[in-house]
Number of protein chains: 2
Amino acid sequence: MRPQKVDDQQLMAGLMAVLRAKGYDGASLNDLAEATGLKKASLYHRFPGGKKEIVEAVLNYVLDWIKQNISGILLSTDGKPQERLSKTLNNVRALYNDGDSICILRALTNDTGLPLFGLQIEESFQVWLEGFTQLGLDLGFNKSQSERMAREVLIKVQGSLILSKAMDDLTPFQQSLSDIEQIYKH
Amino acid sequence: MRPQKVDDQQLMAGLMAVLRAKGYDGASLNDLAEATGLKKASLYHRFPGGKKEIVEAVLNYVLDWIKQNISGILLSTDGKPQERLSKTLNNVRALYNDGDSICILRALTNDTGLPLFGLQIEESFQVWLEGFTQLGLDLGFNKSQSERMAREVLIKVQGSLILSKAMDDLTPFQQSLSDIEQIYKH
DNA sequence: GTCTATAGCTAGATAGAC
DNA sequence: GTCTATCTAGCTATAGAC
């Protein structure tokens, strides 16, 4: 076989960048091809199911990333809980480019994306919530408090990303991440 | 002239429903025509600038709605501040169908919508913020506290809408609106 | 595995009858 | 003011050469 022109890692990065910036309907296969350096027909070779399969693959990649860089850290027992939180929040900052990038889960959470990818989106949010719920428990909060705080984290992250984008000002996002760190201090 | 088949109010309602559900790229002129009961060519008669002008008109309508039902109430001096807050939050619940509807400002806050409508989106958010900032001042909080609380309101609303949609569970939104009421209690 | 070329379709937008 | 009919461009997807 011919060698792959771009490896899976590069491919996913390019596809995700376009999808989270433009959404499902706004991202054309030409956009996706251009961002990855492949031609349309080559994308169909890698993803025979077309755009739908591309998004499914990217969402699997996102879920894996969350498991590795969010919930995986928070569910581990390395170091102190506060250190796990700091590490996780730094990964969140990197994921969203300090508040400048749109969340791909958000970009797909509309009436065109949800019927196609709702289950995958829900799973990613669920895994994220489970990580932060465990953090609350590790810090001595009870179950219902911990679950509530985990929801609050997601709400702050998603809400501040929208506000930062709309106002063209990264401080809401950055402030919100600081606030999250405070929430978990007794 | 011929009579209008649908009045401006109905027209805006139909257009907004499609746009916030599907976003700018996802909403086709056929979708918009079907939702309003007009044909494509008739939409072009009302909005010669096409889809872009349609969205601009809808965003003007949204801004007016926010001025009337959010900031207008919070900037008034009718009744007690807490009553103004309750009334405003009920309007917010109605706007988003208790958490089931997507925010059109959010739906347009991506790399296809922002270059076209960024200024209008920012203005709507700004007006919303000014209303809640005044509420904080009326309740005795200082300026920087009031501004921070106003941002927190928008973050909670936008973030909980996303979480509610993604998890198919309206409680995050409803809980967040209750939380907002608590924030403003001394 | 990647590419060029193209099929088939739907998009946004326009012309012109009524 | 609304409609049917139509244009062109761009879309998703496929065929087949290398």
Side-chain angles (χ1 to χ4, degrees), chain A residues 1-59 61 107-108 110-113 115-117, chain B residues 1-59 61 104 107-108 110-117:
Chain A
M1 308 192 195
R2 265 208 195 180
Q4 282 190 340
K5 193 177 172 187
V6 297
D7 62 38
D8 288 358
Q9 182 76 18
Q10 294 171 306
L11 195 55
M12 285 299 157
L15 296 172
M16 187 167 88
V18 176
L19 284 169
R20 70 177 177 184
K22 300 198 176 192
Y24 184 71
D25 295 300
S28 73
L29 285 174
N30 277 326
D31 293 333
L32 295 168
E34 191 178 2
T36 56
L38 286 178
K39 297 295 177 184
K40 260 190 295 187
S42 301
L43 283 179
Y44 276 96
H45 177 80
R46 302 265 196 121
F47 307 98
K51 194 155 81 163
K52 182 164 178 286
E53 186 177 336
I54 288 175
V55 176
E56 287 169 351
V58 171
L59 286 176
Y61 175 81
L108 297 172
N110 61 24
D111 281 13
T112 49
L116 296 171
F117 315 112
Chain B
M1 308 190 194
R2 265 208 196 182
Q4 283 190 341
K5 193 175 173 187
V6 296
D7 63 38
D8 288 359
Q9 182 76 19
Q10 294 171 308
L11 196 54
M12 285 300 157
L15 296 172
M16 186 167 90
V18 176
L19 283 169
R20 72 175 175 185
K22 299 199 177 189
Y24 184 71
D25 295 299
S28 73
L29 285 175
N30 279 325
D31 292 333
L32 296 168
E34 191 177 3
T36 55
L38 287 177
K39 297 295 176 184
K40 259 193 293 187
S42 301
L43 283 179
Y44 276 96
H45 177 80
R46 302 264 197 124
F47 307 97
K51 192 155 83 164
K52 183 165 178 287
E53 187 178 335
I54 288 175
V55 176
E56 287 168 352
V58 171
L59 286 176
Y61 175 81
I104 188 170
L108 297 171
N110 61 26
D111 280 13
T112 51
L114 278 175
L116 297 171
F117 315 112

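The model shown is predicted, which means the values in this text are computed figures rather than measured ones. Proteins get letters first, then strands, A, B, ... in listed order; numbering begins at 1 in each.
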Nucleotide-resolved protein contact map, nucleotides 5-18 of chain C, B/S/- at heavy-atom distance under 4.0 Å: ------SBBBB--B
In this structure, how many angstroms lie between the [atom2] atom of [N] and the [atom1] atom of [X], rounded?
{"X": "A/I54", "N": "D/dA13", "atom1": "CD1", "atom2": "C1'", "answer": "11 Å"}
{"X": "B/Q4", "N": "D/dC3", "atom1": "CD", "atom2": "C1'", "answer": "16 Å"}
{"X": "B/K39", "N": "D/dT2", "atom1": "NZ", "atom2": "P", "answer": "13 Å"}
{"X": "B/Q10", "N": "D/dT2", "atom1": "CD", "atom2": "P", "answer": "11 Å"}

B/P115 to B/N110 - nearest heavy-atom pair and separation: CD-O, 4.0 Å
Stepwise side chain to side chain donor-acceptor pair (under 3.5 Å) test for B/Q9 and B/Y61: CA-CA 9 Å; B/Q9 182 76 19; B/Y61 175 81; 3.1 Å; yes
Under the ring pair (Phe, Tyr, Trp, His ring centres under 6.0 Å) test, residues paired with B/F117 that sit two or more places apart: B/Y24
Electrostatic pair A/K22-A/D31, nearest N-O below 4.0 angstrom: yes
Neighbour count above 12 (heavy atom, 6.0 Å) for B/E34 CD: no
Distance test, side-chain N/O of B/S42 to OP1/OP2 of D/dG1, below 4.0 Å: no
Side-chain N or O of B/H45 closer than 4.0 Å to phosphate OP1/OP2 of D/dG1: yes
From CA spacing to verdict: side chain to side chain contact (heavy atoms under 4.5 Å, CB included), B/I104, B/V55: CA-CA 10 Å; B/I104 188 170; B/V55 176; 5.9 Å; no
